[in-house]
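These notes concern the structure reproduced below.
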Amino acid sequence: MIAEDEGIVTFFKFKNLGFHQVGTDYFEPIQIEDILDRLIEWHDKMDSLAETSPYNKKNRKSVYLKAIEKNEETGDYLVTLWKSINSNDGTVYGLRADEAPSDEKIVNADEAADEKVIWGKPAYYWFVPSLDIFASIKFNNTLTDSDTLHSYIKDYVQFRSNINTPVIEKKINKAGEEYETVHWKGPHGNLWLRVDSRRYTKVTENADLEIIARDITHFVKKEEIVTTAHKPEDWTRYFNGLPFISKRGAGGSRSVTVIVDARPTGKELGEMMDTYHQHYGTAKNKKSNLGFRKEGTGSQTYWLDEFIVKSILTVPISLSSHYSHETLFKGIKDSRNIILAPFK
């Protein structure tokens with residue numbers, strides 16, 4: 001039987017993708033398909049992974065385009081970014097900087113002495129232009145933050161795409177350092193690129209987080225705890241800062257529910273949902289959950305899986321540092337209709 005891995009699919013929708021004029025409502029949108037199609041053409045011309053970083057800036061980790069591909073049948077796109085991390089502690093992987101982006105060989109610390117290596121982690125993004133949404137796909141030891149994607153798209157459009165002919169100006173800051181600004185000529189003044197998105201949830205689509213948050217009286221956390229005589233810290237770590245909870249004997253498991261007083265803001269409720277996306281809701285974690293109550297400790301619990309649009313993508317476990325687009329597209333094809341049902 002083939003071992004499988006589960007990826008948590010989190011959906012987003014662009015709030016802004018285009019050029020805006022500061023101080024006005026004027027806005028010129030860009031279609032994400034236009035950016036991705038141009039990005040494919042640009043990526044195909046790159047001879048090495050190192051060349052796929054559109055802009056290198058001091059004090060910011062470089063991000064590279066490991067792979068990008070379009071499914072002509074569905075119109076979907078897959079993008080794999082590779083974010084550099086200055087560490088080799090066993091949780092990051094190395095790719096050869098001067099090899100083609102398609103090179104799949106993983107580098108370990110012993111091999112890295114005589115060649116330039118980009119240590120980092122992959123981030124997977126699935127774009128569905130037909131529904132005007134995109135998703136991050138999180139596996140173990142991968143990245144999912146939307147800011148990495150926003151920055152990459154912005155750098156590419158500004159410095160590599162030539163969309164609408166950007167105007168690049170070099171300036172000097174107060175420290176005497178040179179930097180660049182990018183704008184576009186508009187009908188009524190200069191335009192600036194804006195790229196940002198929001199997480200797609202049932203709550204944010206059908207209700208106001210602030211309205212829901214103002215009625216919450218308690219947060220609830222449920223965990224399935226494996227109890228052993230050798231590693232009691234395996235389950236007590238979930239309750240750091242809480243009163244002592246007695247341990248059970250070796251073996252078995254126990255379900256523990258923690259209820260704490262809470263008066264969250266809408267922002268804090270949104271952050272709780274972000275935590276849910278990262279750590280809960282997978283098929284391997286069915287007995288753990290986060291939720292809230294509105295009328296005291298004895299009232300009904302509203303679990304977050306009732307509110308959040310979440311999906312699981314199942315693929316064969318990869319022995320490489322990352323998953324190929326062939327593998328991901330196959331997994332998407334097998335469950336695409338189910339995953340996208342909430343958006344149709």
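Because only heavy atoms are used, hydrogens play no part in the values below, and waters and symmetry mates are left out as well, while side chains stay in. Every value quoted in this text rests on a predicted model; they were computed, and no experiment measured them.
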Charged tip of K83 within 45° of Y64 ring normal and under 6.0 Å: no
Interatomic distance, L36 atom CG to E69 atom CD [nearest 0.5 angstrom]: 12.5 Å
Electrostatic pair K70-D76, nearest N-O below 4.0 angstrom: no
Spacing of CG belonging to L17 relative to NE2 belonging to H150, to within rounding of 0.5 Å: 9.0 Å
Residues E6, K138: salt bridge by 4.0 Å N-O rule: no
Aromatic contact, Y323 with F139 (centres under 6.0 Å): yes
Proximity of F14 and F134 rings by center, below 6.0 Å: yes
Sub-6.0 Å ring centroid separation between F219 and F292: no
T24 and H188: side chain donor to acceptor below 3.5 Å: no
Validation row: F27, N16 side chains within 4.5 angstrom (heavy atoms): yes
Salt bridge (Lys or Arg N to Asp or Glu O under 4.0 Å) pairs, two or more places apart, involving residues 148-157: R60-D155
Non-neighbouring partners of Y55 that pass ring-ring contact (aromatic ring centres under 6.0 Å, His included), sequence neighbours left out: F159
Note, Y124 side chain near L313 side chain (heavy atom, < 4.5 Å): no
